Structures are given as structure tokens and as C-alpha cells.
Amino acid sequence: MKEQGNIHFCGVGGQGILLASELTAHALLAAGFDAKKSEVHGMAQRGGSVEAHLRFGKTRVYSPLIEPGTVDIMLAFEMMEAVRYLPFLNKKSIVIVNTQKIAPPIVATGKMVYPDHCLDAITQQGIALVPVDAFAIARKVGNLKAVNVALVGVLSLYLPIDEATWVEVLKKRLPAKILDVNLKAFQEGRKAGK
Amino acid sequence: MTQKKSTQEKLWYSGNEALALGAHEASVRVASGYAGTPSTEILENVVNYKEIYTEWAPNEKVGLEVAIGASFAGVRALATMKHVGLNVAADPLFTASYTGVRGGLVIVVADDPSMYSSQNEQDSRNYAYAAKLPMLEPADPAEAKEFLKLGYQISEQFDTPVLLRSCTRVAHVKGVVSPGEIQTSSVTPGLVRNPAQMVMLPAHARGRRVAIAERQKKLAEFAETWAENRVEMDDRSMGIIAAGTSYLYAKEAFPKASFLKLGMVNPLPEKMIRDFAAQVDTLYIVEDLDPFIEMRVKAMGIACIGKEKIPAIGELSPSVVRRAITGDVGVATFAPVDLPPRPPNMCPGCPHRGLFYNLNRLKVFVSGDIGCYTLGALPPLSAMDACVCMGASIGMAHGMAKALGDEGLGKIVAVIGDSTFIHTGINSLINTVYNNSYSTVIILDNRITAMTGQQPNPASGTTIMGEPANSIDLPELCRAIGVKHVRTVDPHDIEGTYAVLKEEIERPEPSVVITRFPCVLTPEEKKRPKTPFTSSTENCTGCGMCLRIGCPSINWVPLSPEEAKAMGKKEKQKGYALINETTCIGCGQCLSLCKFDAISTGETK
Ligand SMILES: Cc1ncc(C[n+]2csc(CCOP(=O)(O)OP(=O)(O)O)c2C)c(N)n1
Ligand code: SF4
Ligand code: SF4
């Protein structure tokens, strides 16, 4: 990984995307990078499509926004959402995608169907795809809400930050009640991504 | 003036958290405002600094008036709001410019270019010009904190309220922020009588009008040497004047260009601008929304390129700025893929949903308002026909009734949330009664200001500080206004609500129906044990009735004729409805819609 990078988080409101991006930002800061992160709150959180842009570098980061075509790593919490942000990717991007399908209202009410094999739109461009069943990991560790930290575990394999730093950050940032489950989810994520 | 550091550690803060820290470091003592994306979290963080009295006001005008009062009493005061909130607060704003301040007064206003969560895209800088007030514009969280502190110094030094313009990409951007010195006010708190300055009757105001002109002159001189208006000379073939986030985008797009970075957008440092312009070959003004700086630079007779290239609509970004100026589209990007859209939806079990299902059935014209319930305009509920600004629903419904007379009777309702009703709806209800209308007003009392993230309001029974508070009795309030027919219903009870609505809508007199049930995200509702519903695949005939309420917990599972047959169903059954038991909260709305016993209560969890 370069001295600077752009990480794009996307998914559906309520999936824990903001927490995942927060943990990642703290790990980057702990590893000595500057960083800026941009999120959209408000309406977007009522089950709508949600994204967060995280930019980091060894020198000062100016813009908090990632430009189209310049994402280094995408962490997608839902398959169709990964495809929605395709214009942010380039041929060298790495796309980590949770292989979960969440039906938007128009699909849930039977007016449209969830597109089959939608991830083909990404692989057809020759982009590296890392599919992860984070929901299965979350179920395995015993907390369905651990999907986000399981995905952060996968992401951790692709960033220039050592494992101990990540673990420190998780310990510092997560409430004691859910720490053990999430440490497990993080490790399972790392295993699944290897 | 300065004392101890507030803390030593570097912080990872959003702009709103940074502004709250800035308020603490500036020794603010009173903070008031009204929620509105992207400004809401400022006060939600200020509340953590116990020395600052913090409150939610019922609307932005009240919030600013509270801050003005605190300033008159000699303490530093803060008012916060989103851009459209400043419209509501504009009346006190314009005259507070005349009175000036005792304790420092800063008004933070958060713009929302691209309208991520707003009904319009207005540019607040125009208010600074119109009200003759200084306005600072930070670019990121670290600057937001520093500028707020500088704003208090400027406010006290120049005897003026100060505007600080934030925006979505400052408020909701996180970055590294360093804690700083605690700065104290030079003013002694207390009541000081000074009618010539604080009582704005015409004779006094005429004097103050002149004082403002002098203040503007002094501020313009100050702007020439103020450290936050700074020149970064580099390649002189391209010079860019920019402020706030526009500076960051331009810097990212043209790292080698020369910059005049403005920390203060009103008034502008004319001499500095002239000097800078003279040193560069081509001068660009990069600013989002209106050509605010550009118009003034052009009025100075300086040639520059602005809105003929830089978009005036929507938020800027490095790529938008680069493309606009050089035509360079940057890296080739992949075309977007056509996908089913994913707009926001009301939560599973949202009390608003049952009401909108009924309004859709009643086929009335719904004069709407702003809140989570505005989502009732989207299919399948599709039951809102107008929505302009907070509080407008009731006045608009009354206007429709007066325009149409008997012809409109039974066809018009206003819907308004509890927080919005208290914000600016009450006056309109008074008007409806006073001027003898027949419109029916439905108050959606979900006990909270939900859309902006569950802030308590004067009907909720708590304050932002978490203390118990008086809770307005909405039915009694409506009766006091003079509404004779006030009824309260449970919106989860679909048929009961329908019956009441039908009666009240047809009534040739003003009436109020209050749909009362807490938002599922209120702390009490979150704690309450839930009994999710289950769906019986066997009994479901695929009629699709339950889908008409659009609950995200009900999913349609399509079936091919073969699959339908294999399941023992009629071949022509196109699918069945399936309730997601992990997200269903058991509100019961769908139960009453199913005629085939395919939905039943499950176990409490
Ligand atoms: C003048 C103004 N201030 C603030 C806002 C932001 N805002 C929109 S809706 C809303 C509150 C809605 O609360 P309520 O009426 O109780 O409806 P709910 O979301 O709870 O359904 C706020 C603060 C705005 N649009 N306009
Ligand atoms: S937050 Fe509350 S009011 Fe808003 S959609 Fe969800 S349940 Fe409804
Ligand atoms: S009971 Fe029906 S309408 Fe209510 S949350 Fe559950 S599925 Fe949705």
C-alpha cells in the first residue's frame, strides 16, 4: 500500500458502517497517518444507501472527499451497494464485499427484483473482489451486529497497520460488554480474508 | 486573556464536536438553538461541557433571542442552526446587528450544498452581507474550533454578532483537532442599562445605523491584516481565491497554484485581493453556490473567472473544480450501473406509517410538513401532496380551504410532527381557528424530534441536559387555541384511526387529530420488550395487501409457477410475503391488513 490512500465504506443505513470507518480511522492515526473522513447523516440513515469516505496520508490530507476513480479499497457491507459506487473504483481497486443482500423497498414490495449476479459488474472490469460472508461470521461469534467488525478484520489485511495496533484500537473504542465478541469477529474476519 | 489548556491529547473530532470544544475553550456560558442537519450535533456535544447552559429552543428565532439576551447580560453566547433556520431567525439577526453585543455572540449556521438533508440549497453568506455582519468560514474541524474562538474575540472587539458558516463537509467531516488555551471574555456579567444601544426604537436605531457603517469600515481594515486571510504564493500563472471547503478542493485539484485563502468572507479585504490579483496571470474564484466573492471582486473592477466555469449548483469537489477550470476529466471512470434505488424509509414499526396508509386510502389532499413523516410522500404510501418549509402545512391547508370554499370541504388535511407544530405550526393553527377554516390538522405526536436524531422538544418531557421538564399537553393547547374537536388516536390501530379521520375530515369546522405513539428509536421504546410477528407462508395467498404499508420488515419473495405449484399454491400466485422476525418490532399494523390469517403474533423477546 502507498503512503496515502482512499478507503470507501458503503452499505445500508443501520449496518454499522460509521463505526467501521471510525475504527479504521483510529487505527490509521495510531499508525502515524493524517486522515480525514466524510460522512452523510440525516435522511440517509433511515435504511437508505450510506457511504463514508476515509482518506489518509503521511502528509497533510486536504479534501475529505474521494474523487471518482480513485478508491484504493472499498469495504462494501452489501452487494448491490458495492455496485452502486462503481464509478469510484479503478482497475487497481480492491473491493471487499459482504455477500449479503438487503432488499430496498422497491424490491421488498415486489416492484423490482434484486439484480442477479450483480457483482459481475465489478469483476468484469478486472477489479479484484474479496467476497466475505460477514453475516455468517457474526452468527458464528454469537452477535449479529458484529458484521461490521468482521469486515474491518478483512480490511485490516490490506492496510499498513500491524495487528497489535488494531487490537489496541478495538479495546479502546468498543464498550466492554461487546468487546470479546468483536475481537473474535475481527480475528475471524482476518482468517476469512486470507 | 488565556489560561490553561483544556486537555493535551490530539483529538479525532467532527466539525460539530470541534465547534463544541471551541465553545468550551471560548468560555461560552449559554448555548441555544434548534436541531437541523448538519448542525445538530454541535449542541449535543456542547451539553457535555457542564459549565455551559445548553438548551433546545422550540425554533431558531427563539434560540437566537436567548443568545442575544445572554450576550446583553454580559456572557458569551452561542446560537446554532441549519441554513434554513437562519431564515426563521432572520428577524432578530438583522436588528442584533444594530444593538451589537456585550458578551461575545456567535451564530453558527450550517449550509447544505447538494441538499443531502434539506429542502433547499441557500447560501448563508448572503445574510452576512444583508445584515452587515462579519462572517467566518472554516474549512475543516480544526479550523472550525479556532474560528469559533476568533469569532468571540472579533465579536467583543467590534461590538458585533459574528456569523460562522459551517457546511455538511465541515460539520460531518472528521479530522485531527488539537485542544487549545481556554480564552476568557473581557466583559463582566451583569445587567447594564444602555437604551440608546439596546432599545431599538427609530431614534436610537438611526444612531446605530451610523455606528454599523463605522464598524463595517473597521472590520474591512481588520480583514486586511487578519492572519486567517492569507496568501500562499506559488505558481503565479494561476491564482485562486477561495474560502472554507472550496479552498481544500481547489488546493487538492491545483496543488501548485497560488492561493488567497479567506477565513473571513464578509467583509472582504479589498487591498489584499487587489495585490493578489496583480501578482497572478489568471484569477479564479472558487466558491460553492452563489457568486458571493466573485460579484464583489468584479465590482472592484478586477478581472476574474468564477461562475462561468465553476458550478453554482451543488457541492464542489476536487474533480468538479479541476474539470470546471481545465476541462480535464481526470481518471476515466466506470459508468454507473442501473440499480434499484435505495431511498431512506421509515423504520419498521414507525407510528407514522399507519397514518399515511390511511391518508392514502382516504384520497385526501395532504398538505405536508418536514420530519420523518415527509417520507410518507414516497411509494407505496404516496400520501403527501405539498411540503414547503417547517410549519407551512397548516397555513397552506387553510389557504387551500379559503381558495376552494365548499368545494374543498372533506378533501384537505394538514399533517405536522410534534416538534414542527411547536416550531412554527401553532401560530398557523391559531390563524385557522381565528379565520374560521374547516381544515383538519393531524399532529403526529411521536414524542420526539425524530428526523434529526431523537432530540427532546417541549412536548417530550425532558431537556437536552436530560432533566425532567414540563411536557406540553397538546390536546389542551389545541383546545385553548379554540379548536372544539380534538381527538387522540393510536396510529397503529389502522381501523380506529381511519374511522376518526373520516369523521373529522368531513366536519365543516376546524379539527385536530393527534396520532400519539412514540418513535421506535426513543430510549423508552428501545427498552420495551418486543413481540415480533410471524408470517405463515402456507396461508399467504400473495395478495400483496400487507405490502401497501411499505414496512421494511415485510419482504416479497417472488415465485415461478413451478415453485408455486411445488409449494402447493395456485400456479398463478406470483410470490408470498415474508416477515423478517429479527427486525419486526410487532407494531401490529400489517396484522389488520391481512385477510387470510397469514400474519400472527410471535414470542416476546
Ligand atoms: C427551519 C428549519 N429548521 C430545522 C429543520 C430541520 N428539521 C427538519 S424536520 C425537523 C424536525 C422534525 O420533527 P417532528 O416534526 O417531530 O417530526 P418527526 O421527525 O419526529 O417525525 C427538523 C429539526 C428544517 N428543515 N427547517
Ligand atoms: S426514527 Fe422514529 S419517527 Fe423516524 S422513521 Fe424511525 S420510527 Fe419513524
Ligand atoms: S408488525 Fe408488521 S408492520 Fe409492524 S414492524 Fe412488524 S412487519 Fe412491520
Side-chain angles (χ1 to χ4, degrees), chain A residues 12-14 21-22 25-26 29 34-50 52-54 61-70 78 80-81 83-91 102-115 118 121-122 125 127 144, chain B residues 10 12 14 37-38 40-41 116-118 140 168-169 171-176 245 247-249 251-253 255 315 317-319 322 330-337 339-347 372 375 378-380 451-453 544 547-548 550-552 554-556 558 574-575 582:
Chain A
V12 180
S21 65
E22 274 300 280
H26 280 293
L29 293 176
D34 184 30
K36 265 194 187 148
K37 185 176 76 142
S38 190
E39 329 167 325
V40 168
H41 297 210
M43 285 288 243
Q45 280 177 321
R46 303 271 172 281
S49 171
V50 169
H53 294 190
L54 176 56
V61 174
Y62 285 99
S63 166
L65 298 176
I66 299 177
E67 297 189 54
T70 68
E78 203 269 350
M80 201 162 78
E81 293 311 308
V83 183
R84 197 180 303 282
Y85 296 98
L86 180 66
F88 278 96
L89 303 176
N90 60 53
K91 300 238 181 239
I102 300 175
I106 197 151
V107 171
T109 52
K111 299 270 187 321
M112 276 176 103
V113 291
Y114 194 99
C118 65
I122 294 174
Q125 303 291 353
I127 299 168
L144 294 182
Chain B
K10 286 230 170 198
W12 171 251
S14 70
T37 314
T40 310
E41 301 83 2
Y116 289 100
S117 341
S118 306
D140 61 15
T168 306
R169 302 305 180 183
H172 291 165
V173 158
K174 285 201 161 188
V176 177
T245 52
Y247 162 77
L248 299 178
Y249 303 147
K251 189 87 181 165
E252 189 92 23
E315 105 181 321
S317 72
S319 43
R322 188 185 302 110
V331 283
T333 55
F334 304 120
V337 179
L339 293 168
R342 193 189 296 278
N345 191 354
M346 292 174 199
C347 306
C372 280
L375 295 169
L378 302 179
M451 200 178 95
T452 39
L547 298 175
R548 292 194 191 175
C551 174
I554 310 179
N555 276 288
W556 177 250
K574 295 252 182 326
T582 55

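Here the structure is a predicted model, which means the values were calculated and not measured. Computed from heavy atoms alone, side chains included, the values below leave out hydrogens, waters and symmetry copies. Chain A is the first sequence line, chain B the second, and so forth, proteins listed ahead of strands; every chain is numbered from 1.
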Taking A:Lys36, A:Glu22, A:Glu67 one by one, which has the highest count of heavy-atom pairs under 4.5 Å against chain B?
A:Glu67
Which one wins on heavy-atom pair count under 4.5 Å against chain B: A:Leu54, A:Ile102, A:Asp34?
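Most heavy-atom pairs under 4.5 Å with chain B: A:Ile102.
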Spacing of B:Thr40 atom OG1 and B:His172 atom NE2 [to the nearest 0.5 Å]:
6.5 Å
A:Leu65 CG to B:Leu248 CG distance, which is reported to the nearest 0.5 Å
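Here the rounded value is 9.5 Å.
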In terms of heavy-atom proximity below 4.5 Å to chain A, should [X] be classed as side chain, backbone, both, or neither?
X: B:Pro340; value: both
X: B:Arg322; value: side chain
X: B:Pro255; value: neither
X: B:Pro318; value: both

Checking [X] against chain B: side chain, backbone, both or neither under 4.5 Å from a heavy atom?
X: A:Ala35; result: both
X: A:Lys91; result: both
X: A:Met112; result: side chain
X: A:Ile66; result: neither
X: A:Ile106; result: side chain
X: A:Leu29; result: side chain

A:Phe88 ring center near A:His53 ring center (under 6.0 Å):
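Between A:His53 and A:Phe88, which both carry aromatic rings, the centre distance is below 6.0 Å.
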Would you mind telling me which of B:Ser14, B:Pro336, B:Gly175 has the largest number of heavy-atom pairs within less than 4.5 Å of chain A?
B:Pro336
Any idea which of B:Trp12, B:Trp556, B:Tyr247 has the most non-hydrogen atom pairs under 4.5 angstrom with chain A?
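Sorted descending by pairs with chain A, the first entry is B:Trp12.
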Please find the pair of heavy atoms, one from [X] and one from [Y], that lie closest to each other, and give the distance.
X: B:Arg169; Y: B:Tyr249; answer: CG-OH, 3.3 Å
X: A:Lys37; Y: A:Glu39; answer: NZ-OE2, 2.6 Å
X: A:Ala108; Y: B:Asn555; answer: CB-OD1, 3.4 Å
X: A:Tyr85; Y: A:Ser49; answer: OH-OG, 2.7 Å

With a 4.5 Å limit on heavy-atom distance, are the side chains of A:Met80 and A:Pro104 in contact?
yes
Quick one, B:Pro38 and B:Tyr116 - any side-chain contact, counting heavy atoms below 4.5 Å?
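In short, these two side chains do not touch, never coming nearer than 4.5 Å.
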